[in-house]
Amino acid sequence: MEIKEMLYEGKAKQVFATENPEIVMVHYKDDATAFNGLKKGTITGKGVINNRVTNFMMQKLEGEGIPTHFVEELNDRDTLVKKVQIVPLEVIIRNISAGSFAKRFGVEEGIVFENPTIEYSYKNDDLGDPMINTAQALALKLATPAEIETIRTMAFRINDVMKAFFKEVGVDLVDFKLEFGRLTDGTIVLADEISPDTCRFWDSKTHEKLDKDRFRRDLGNVEDAYQEMMKRIFGA
Ligand code: TMP
């Protein structure tokens, strides 16, 4: 498929048009940012890992009946996906307290919840992605009531599938962020990425952090953590 002009450049990815108006190509970069772009850096090899991990998870989820934007992995860093209109909500599911949850509610990290939580952020860099509730999202017409219900149901199902998968490879799925998009016919599909950039992964035994928190918090061995997640998922 012929790749055309770049449509959009984000912090970690670029999106290109293709000859098919319904399909775009995502290119994964090694650039890393945190705190809404305040902290910048490079994680060597991250783009390759996030591309492969995302595509693996998307295909696994498709197999479990969850519609995604995934079409075809072209190479180490490039993947064809269905063109969607992104719903401007970041959907965050948590199984264990960490990050902004621990900070906001004044609790330690590592409390295992009896039931997962769901929360939303309004995807808006100028505002710093503020937390938003579903009534507020409806007031701002970010999504319809039916779309929000679909997104919520899909997000919890995705958590069930992912939690079980990562448990098998010795990793606790602490929390993660999802984004959803609308196809031209309005169908809601899982979009964006599922990777160590967008999930918190802790080794089940040692509780070692195997995700972007190593970059956010200057913990060192950032590349090693991404490589370790590759190993866990794909084997040696
Ligand atoms: P938080 O604890 O900082 O709210 O993050 C919750 C999860 O969402 C964590 O797995 C990291 C992910 N996340 C993103 O993917 N993008 C973001 O911009 C932020 C703030 C968090």
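Along the sequence shown, the residues carry numbers beginning at 1. Nothing here was measured: the structure is a model prediction, and the numbers come from that model. Each ligand, and each atom within it, is numbered from 1 in the order the structure gives.
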Within the 4.0 Å heavy-atom shell around [X], which atoms of ligand 1 are there?
X: Ser100; value: 1 (P), 2 (O), 3 (O), 4 (O)
X: Phe176; value: 10 (O)
X: Asp197; value: 15 (O)
X: Gly99; value: 2 (O)

Note to self: Among Arg200, Glu193, Lys177, which one puts a heavy atom closest to atom 13 (N) of ligand 1?
What the structure shows: Lys177
Indicate yes or no: at least one non-hydrogen side-chain atom of [X] is less than 4.5 angstrom from one of [Y].
X: Lys40; Y: Lys11; value: no
X: Val189; Y: Phe180; value: no
X: Met230; Y: Arg232; value: no
X: Lys39; Y: Asp218; value: yes

Can you tell me the protein heavy atom closest to [atom] and the distance?
atom: atom 7 (C) of ligand 1; answer: Asp175 OD1, 3.6 Å
atom: atom 18 (O) of ligand 1; answer: Glu90 OE1, 4.1 Å
atom: atom 11 (C) of ligand 1; answer: Arg216 NH2, 3.6 Å

Margin query: For Lys163, is the NZ atom crowded, meaning more than 12 foreign heavy atoms sit under 6.0 Å from it?
Written below: no
Check: Heavy-atom distance from atom 20 (C) of ligand 1 to the protein below 4.0 Å?
Finding: no
Notebook entry, point to check: Does ligand 1 have a heavy atom under 4.0 Å from the side chain of Cys199, from its backbone, from both, or from neither?
Noted result: backbone
Note to self: Is a donor from one side chain sitting under 3.5 angstrom from an acceptor on the other, for Asp172 and Ser204?
What the structure shows: yes
Next item on the list: Report yes if Arg94 has an N/O atom closer than 3.5 Å to an N/O atom of ligand 1; otherwise report no.
Entry: yes
Checklist line | Close approach, Lys212 and ligand 1, non-hydrogen under 4.0 angstrom | finding: no
Checklist line | Contact list for residues 64-121, test ring pair (Phe, Tyr, Trp, His ring centres under 6.0 Å), sequence neighbours left out | finding: Phe101-Phe105, Phe101-Phe113
Checklist line | Residue pairs passing the ring pair (Phe, Tyr, Trp, His ring centres under 6.0 Å) test where at least one lies in residues 207-236, sequence neighbours excluded | finding: Phe56-Phe234
